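Data first, discussion second: the structure below is written as structure tokens.
Just so you know, residue 1 is the first one in the sequence shown, and it goes up from there. None of the values given here were measured: they were computed from a predicted structure.
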Amino acid sequence: MGTAHLTIDLSALSANWRALDACSGHSTETAAVVKADGYGLGSGPVAAQLAAFGVRTFFVAVAEEGAAIRAAVGDGPAIGVFSGHMDGDTDLLRSHNLIPMLNSTEQFIRHIGALPGAPFGIQLDTGMNRLGFEPSDWADLRGAAVAAKPCLVMSHLACADEVGHPQNAAQLAAFRSMTDGLGLRRSLAATGGILLGPDYHFDMTRAGIGMYGGAPLTTAHPVVTLSIPVIQCRTVTPGESVGYGATFVADRPRRIATIAAGYADGLHRALSSKAALYAGDVVCPLAGRVSMDLLTVDITALGADPNYLDILGPHQGVDAIADIAGTIGYEVLTSLGQRYARTYTGGPA
Ligand SMILES: *Cc1c(COP(=O)(O)O)cnc(C)c1O
């Protein structure tokens, strides 16, 4: 087989959700964020696993994603939509029973007009300046919005992965001043906020990256393994180069494996000459540049030609690869391409 194998360990995913859930008390619900196709890992299998594990609320970025989650989890769980009620969303929201997190007065008017009595949440901006009501708009609308009984009022932290960042406390104070005394269910924390402690938990947290095995949940179980088949091996003599730009030049005889994945599969070109692959425990450095569909790897240390090399797994997780590429684990996961043969392990029987 010429495509790489992406193995997604659903039991690690649900164990990570449970670990995040255990950070807060019984009165706090831990929802699961499954936007962007479940952070690139397949929103159907991911959501089905989490629903079987007891997750009662899911969040997606846009209504179209919510429709796919509804098909995976059935009628029971609630599904919230961060982008709120956009023009053209009404039919999808109604037919799939999705709950828009309304971001503006315009969205509130649209929702109340198009789907009177249908559930909704409210998203507040507490300082990130990305989505949600500004404090002044909220002050104007609050009476009417509360009268229409939102099922949740939420906001999002900009700096939760930096424990000591002063913006965390500032956003917490802003959220409290916008929501204290309203008697509404509240949610502020994603993975980073869960780890900031109970002040940030309120009634619901929204777990994302930690479930998928990424920082800032440093104790997360690895969820993905990516094994790439070897297409061809050759020995290069001293002075010979490997790959585009001839950036790798052999200092002595080197054994090079050419393997079947590249930047079109989400293995960023910035990894060129920097990242390593693993044959079991043995480190095999990339030799030269990442191509669209291929990597060239120095396997001299192995002594025998392997069938596969791993780039993601227990030895090297998404954050390690992200650090080398100058990005974050979220982007590594959501960049994983569509060409992989995907296998799900540890799922519901
Ligand atoms: C993506 C997102 C989350 C999940 O964040 P993680 O850092 O992945 O846990 C939660 N809430 C909102 C509004 C988001 O956009």
| request: Determine whether L131 and M101 make a side-chain contact, defined as any pair of heavy atoms from C-beta on separated by less than 4.5 Å. | output: no
Contact check, side chains of H315 and D310, non-hydrogen atoms, under 4.5 Å
no
Looking at H111 and A118, would you say the former's side chain and the latter's main chain have a donor-acceptor pair under 3.5 Å?
yes
* Asked: Where the side chain of S83 meets the backbone of A61, is there a donor-acceptor pair that is under 3.5 Å apart?
  -> yes
task = Please check if L188 and L217 belong to a single hydrophobic cluster, counting links between Ile, Leu, Val, Met, Phe, Trp and Tyr side chain heavy atoms closer than 4.5 Å.
result = no
Query raised in the report: Would you find a donor on one side and an acceptor on the other, under 3.5 Å apart, between the side chain of E65 and the backbone of A36?
Result: yes
request  = Indicate yes or no for a side-chain donor-acceptor contact from E240 to the backbone of A250 under 3.5 Å, with no hydrogens or angles considered.
outcome  = no
CD1 of I299 to SG of C233, rounded to nearest 0.5 Å, is 4.0 Å
With E29 as partner, the option from R185, R186, R206 fulfilling salt bridge (charged side-chain N to carboxylate O under 4.0 Å, His left out) is R185
**Message:** Applying a strict under-4.5 Å side-chain criterion to I, L, V, M, F, W and Y, I'd like to know whether L13 and Y344 cluster together.
**Reply:** yes
Interatomic distance, CG@L50 vs OG@S14, rounded to 0.5 Å, equals 6.5 Å
Worksheet entry | Derivation and outcome, side chain to side chain contact (heavy atoms under 4.5 Å, CB included), residues T327 and V332 | CA-CA 8 Å; T327 182; V332 170; 4.2 Å; yes
query = Within a reach of under 6.0 Å around OH of Y244, are more than 12 heavy atoms found that belong to other residues, nucleotides or ligands?
reply = no
- prompt: Crowded around D75 CG? As in, over 12 foreign heavy atoms under 6.0 Å?
  reply: no
- Query: When hydrophobic residues are tied together by side-chain contacts of less than 4.5 Å, even through go-betweens, does L312 share a cluster with I324?
  - Reply: yes
Could you check whether any side-chain heavy atom of I209 comes within less than 4.5 Å of a side-chain heavy atom of V318, counting everything from C-beta outward? no
Is the shortest heavy-atom distance from the side chain of L20 to the side chain of T205 under 4.5 Å? no
Between V283 and A276, the two heavy atoms sitting closest are CG1-CB, 3.5 Å
Between H201 (side chain only) and I194 (backbone N and O only), is there a donor and an acceptor less than 3.5 Å apart? yes
Tightest non-hydrogen contact, residues L93 and A63, listed as CD2-CB, 4.2 Å
Contact check, side chains of V55 and T30, non-hydrogen atoms, under 4.5 Å: no
Value for CG (N168) from OG1 (T126), rounded to nearest 0.5 Å, stands at 10.0 Å
Looking only at heavy atoms, the pair that brings H85 and R110 closest together is O-NH1, 2.7 Å
Closest non-hydrogen atoms of A12 and P222, given as atom of the first, atom of the second and distance, are CB-O, 3.5 Å
Determine yes or no for a side-chain-to-main-chain donor-acceptor pair under 3.5 angstrom, with D125 supplying the side chain and G132 the backbone.
no
- Task: List the steps and the verdict of side chain to side chain contact (heavy atoms under 4.5 Å, CB included) for Y39 and V46.
- Result: CA-CA 10 Å; Y39 287 43; V46 161; over 6 Å; no
Can you find a pair of side-chain heavy atoms, one from F59 and one from V34, that are under 4.5 Å apart? no
- [ ] Give a yes or no on this: more than 12 heavy atoms of other residues, nucleotides or ligands lie within 6.0 Å of atom CD of E162.
- [x] yes
key: side chain to side chain contact (heavy atoms under 4.5 Å, CB included) evaluation trace for T247 with S272   = CA-CA 9 Å; T247 58; S272 297; over 6 Å; no
All heavy atoms of A270 vs all of A325, minimum pair found to be CB-O, 3.7 Å
Please check if atom CE in M292 has more than 12 non-hydrogen atoms from other residues, nucleotides or ligands closer than 6.0 Å. no
*Co-membership, hydrophobic cluster, residues Y200 and V163, 4.5 Å side-chain*: yes
Next on the checklist: Closer than 3.5 angstrom, by distance alone: can the side chain of T296 be matched with the main-chain N or O of A287 as a donor-acceptor pair?
Outcome noted: yes
### Message
For N307, is the CG atom crowded, meaning more than 12 foreign heavy atoms sit under 6.0 Å from it?
### Response
no
**Asked** Quick check: does any side chain N or O of S155 sit under 3.5 Å from a backbone N or O of L124, one acting as donor and the other as acceptor?
**Response** yes
Distance col, row F58:CZ vs I69:CD1, nearest 0.5 angstrom, shows 7.0 Å
The reported gap from CG in D180 to CZ in F175 (rounded to nearest 0.5 angstrom) is 9.5 Å
- request: Please confirm whether the backbone N or O of L92 pairs with a side-chain atom of D89, one donor and one acceptor, at under 3.5 Å?
  value: no
Taking the basic N atoms (NZ, or NE/NH1/NH2) and the acidic carboxylate oxygens, is any pair closer than 4.0 Å for K274 and D323?
no
Separation between CG (L196) and NE2 (H165), nearest 0.5 Å, reads 12.0 Å
Could you walk me through whether C284 and L302 satisfy the side chain to side chain contact (heavy atoms under 4.5 Å, CB included) test, starting with their C-alpha distance in whole Å, then the side-chain angles of each, then the deciding distance to 0.1 Å, before giving a yes or no? CA-CA 8 Å; C284 301; L302 285 182; 3.9 Å; yes
Measure the shortest side-chain to side-chain distance between P216 and T191 over non-hydrogen atoms and say whether it is less than 4.5 angstrom. yes
Report task. State, with a plain yes or no, whether a side-chain heavy atom of D9 is found less than 4.5 Å away from one of H221. Result -> no
Are the side chain of Q123 and the backbone N or O of F82 linked by a donor-acceptor pair below 3.5 Å? yes
Closest non-hydrogen atoms of A51 and V73, given as atom of the first, atom of the second and distance, are CB-CG1, 4.0 Å
Discussion item. With a 4.5 Å cut-off on side-chain heavy-atom distances among I, L, V, M, F, W and Y, is there a chain of contacts connecting F202 to V33?
Written reply: no
